[in-house]
2 protein chains.
Amino acid sequence: MFTPLFNHIQKFIVLEPSEIDILESHLSISKVKKKEHLLQEGQVCDTLYFILKGFARQYIINSKGSEQTLQFAIENWWITDYLSYHNTTPSHFYIQTVENCELIAIQKSTLESLLIEIPKLERYFRIVSQKSFGAAQMRIKFLFTMSAEERYNHFKKQQPDFVQRVPQYMLASYLDFSAEFMSKIRAGKV
Amino acid sequence: MFTPLFNHIQKFIVLEPSEIDILESHLSISKVKKKEHLLQEGQVCDTLYFILKGFARQYIINSKGSEQTLQFAIENWWITDYLSYHNTTPSHFYIQTVENCELIAIQKSTLESLLIEIPKLERYFRIVSQKSFGAAQMRIKFLFTMSAEERYNHFKKQQPDFVQRVPQYMLASYLDFSAEFMSKIRAGKV
DNA sequence: TGAATTTCTTGAAGTAGTTCAAGTTTTTAA
DNA sequence: TTAAAAACTTGAACTACTTCAAGAAATTCA
């Protein structure tokens, strides 16, 4: 049942059977209904989530009271607020499931013991987070250099299946334009 | 001479004197004049840079041919293109010194041997990159929710000294507005 | 030092998007 | 299976910014 996570880990490091056992003994799977919150703004984030099925998003509520999605996490992605996690400070973000999800939730205390028992995991998380940081830089590049329509087309090309799954207004906010403008782009009225 | 780096590392892990010796034997300091490139678009990035003195920036050239800064790295910060580094793919970015710099450049092969000799460093780089990723998420939040003027005031409040050091047109592009608009914000003509 | 270069400023005209309001379509759940 | 809720569409009016062009100020370095 944890296979997707073990496979993901083994893209970066090699796990001994004994280490897989240790991991299994510490992990558990949660089923979470769509639209449930894994983290609320103001809470201190002390959990990492690995998505097995469904998807989640990180969002904020802007000054006009509307939601803006900063990040999606689909199958085989980690999602959390690392700043709140490391600094033990209140989070600026909400994390919410969008579809019904199966996920592995690892609390800080569990992760810390896992990292002591299997120090190699430090390497796994290092590489994953360095790549995530790289991806965040690319995201900023796209936001800076592309028009709204270009961002939409680029995203659709990179993630054609995901575009079918995600509500348009949510994708619009992720790409930093309004839901109305998304409609016009899709209708070719731009 | 490497003290700023050792201090930075020891914020997150404890180094034995012997480990400091190993580190010292692998590291060297480079002096780089202002406006020199550490990485060019199209090159595969195989080096991490730790800034001791001065500062550098990561930038792109947009479709209109003008430079847009994505990231600054001041004293005690790492800068590199992690995506190019990990995937061995051509970089989308330039990395350039802005002031005369003293920096520690660590090549991939050196870093890999260091990580084998001092596995604890995996933990250091994991925590640093998770926090960087968290900071990148906050940056996207600010870009999404604040007006140009708010972004400028917020940055000035967070980094009052740095605002004095960085050319205004460069900060304007980092905050995602034009140099001309920066002038108007500063003159209170907005 | 002073000429060249880089950086900053200003106003006028333009535009890629937003906001609003109202209606339509699709999905949800009892 | 239907009523309610959520998601999407459309057009008109608006605006936060950009672009352009030209000049002024500051910095660089031969």
Side-chain angles (χ1 to χ4, degrees), chain A residues 32-37 54-55 57 59-69 72 96-101 142-156 162-190, chain B residues 33-36 54-55 57 59-69 72 96-101 142-156 162-190:
Chain A
V32 181
K33 289 246 169 80
K34 64 153 72 172
K35 294 190 187 170
E36 284 192 21
H37 281 93
F55 75 97
R57 64 170 180 146
Y59 72 93
I60 49 162
I61 297 190
N62 66 22
S63 49
K64 282 148 208 140
S66 56
E67 297 174 358
Q68 274 191 282
T69 298
F72 292 112
Q96 183 195 42
T97 55
V98 181
E99 298 179 346
N100 293 334
C101 282
F142 294 138
L143 288 170
F144 275 17
T145 57
M146 292 177 172
S147 70
E149 190 173 11
E150 286 167 340
R151 296 199 296 278
Y152 173 69
N153 288 327
H154 178 262
F155 189 90
K156 200 170 64 170
F162 185 64
V163 173
Q164 307 303 317
R165 287 217 254 168
V166 65
Q168 282 173 40
Y169 73 93
M170 219 178 258
L171 181 54
S173 83
Y174 176 80
L175 296 173
D176 201 23
F177 50 78
S178 67
E180 292 89 340
F181 200 63
M182 172 66 102
S183 259
K184 285 162 196 172
I185 289 173
R186 289 169 48 95
K189 296 186 178 168
V190 178
Chain B
K33 289 246 170 78
K34 63 153 74 173
K35 293 190 187 170
E36 285 191 22
F55 75 96
R57 63 170 181 147
Y59 73 93
I60 49 163
I61 296 190
N62 66 23
S63 48
K64 281 146 212 144
S66 55
E67 298 173 357
Q68 276 191 283
T69 298
F72 293 111
Q96 184 195 39
T97 56
V98 182
E99 298 178 347
N100 293 333
C101 281
F142 295 139
L143 289 170
F144 275 17
T145 57
M146 292 177 174
S147 70
E149 192 175 8
E150 286 167 339
R151 295 198 296 279
Y152 173 69
N153 288 326
H154 178 262
F155 190 90
K156 201 171 63 169
F162 185 63
V163 173
Q164 307 302 316
R165 285 218 256 168
V166 65
Q168 283 173 41
Y169 73 91
M170 217 178 261
L171 181 54
S173 81
Y174 176 80
L175 296 173
D176 201 22
F177 50 78
S178 68
E180 292 90 341
F181 200 64
M182 173 67 102
S183 257
K184 286 162 196 172
I185 289 172
R186 289 168 48 94
K189 296 185 177 168
V190 179

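Numbers restart at 1 for each chain; the letters A, B, ... are given by sequence-line order, proteins then strands.
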Do you know which of A/H154, A/E149, A/K156 makes side-chain contact (heavy atoms from CB on, under 4.5 Å) with A/Y152?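 Of the listed options, the one satisfying the test is A/K156.
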
Rounded interatomic separation in angstrom, taking [atom1] from [X] and [atom2] from [N]:
{"X": "B/N100", "N": "D/dT27", "atom1": "CG", "atom2": "C1'", "result": "14 Å"}
{"X": "B/K33", "N": "D/dC29", "atom1": "NZ", "atom2": "C1'", "result": "12 Å"}
{"X": "B/D176", "N": "C/dG17", "atom1": "CG", "atom2": "C1'", "result": "13 Å"}
{"X": "B/Y169", "N": "D/dC20", "atom1": "OH", "atom2": "C1'", "result": "20 Å"}
{"X": "A/E99", "N": "C/dT28", "atom1": "CD", "atom2": "P", "result": "11 Å"}
{"X": "B/F177", "N": "D/dT15", "atom1": "CZ", "atom2": "P", "result": "21 Å"}
{"X": "A/L143", "N": "C/dA16", "atom1": "CG", "atom2": "C1'", "result": "15 Å"}
{"X": "B/M170", "N": "C/dT6", "atom1": "CE", "atom2": "P", "result": "12 Å"}

Heavy atom of residues 178-188 of chain B under 4.0 Å from DNA chain D: which residues?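 By residue number: B/S178, B/E180, B/F181, B/K184.
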
Hey, do the aromatic rings of A/F55 and A/F162 have their centres closer than 6.0 Å?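 Aromatic pair counts; centres sit under 6.0 Å.
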
For the aromatic rings, using the six-membered ring if either is Trp, is the centroid distance between A/F155 and A/Y174 under 6.0 Å?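 Centroid separation for A/F155 and A/Y174: below 6.0 Å.
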
From the list D/dT9, D/dT19, D/dC17, which nucleotide is the closest neighbour of the side chain of A/Q168?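 Nearest to the side-chain atoms of A/Q168, counting from C-beta on, is D/dT9.
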
With distance as the sole test, does [X] use its side chain to make a donor-acceptor pair with the main-chain N or O of [Y] at under 3.5 Å?
{"X": "B/R151", "Y": "B/D176", "answer": "yes"}
{"X": "B/N100", "Y": "B/K33", "answer": "no"}
{"X": "A/T69", "Y": "A/S173", "answer": "no"}

Does the side chain of B/K34 get closer than 4.0 angstrom to OP1 or OP2 of D/dT28 through an N or O atom?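 Yes, within the criterion.
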
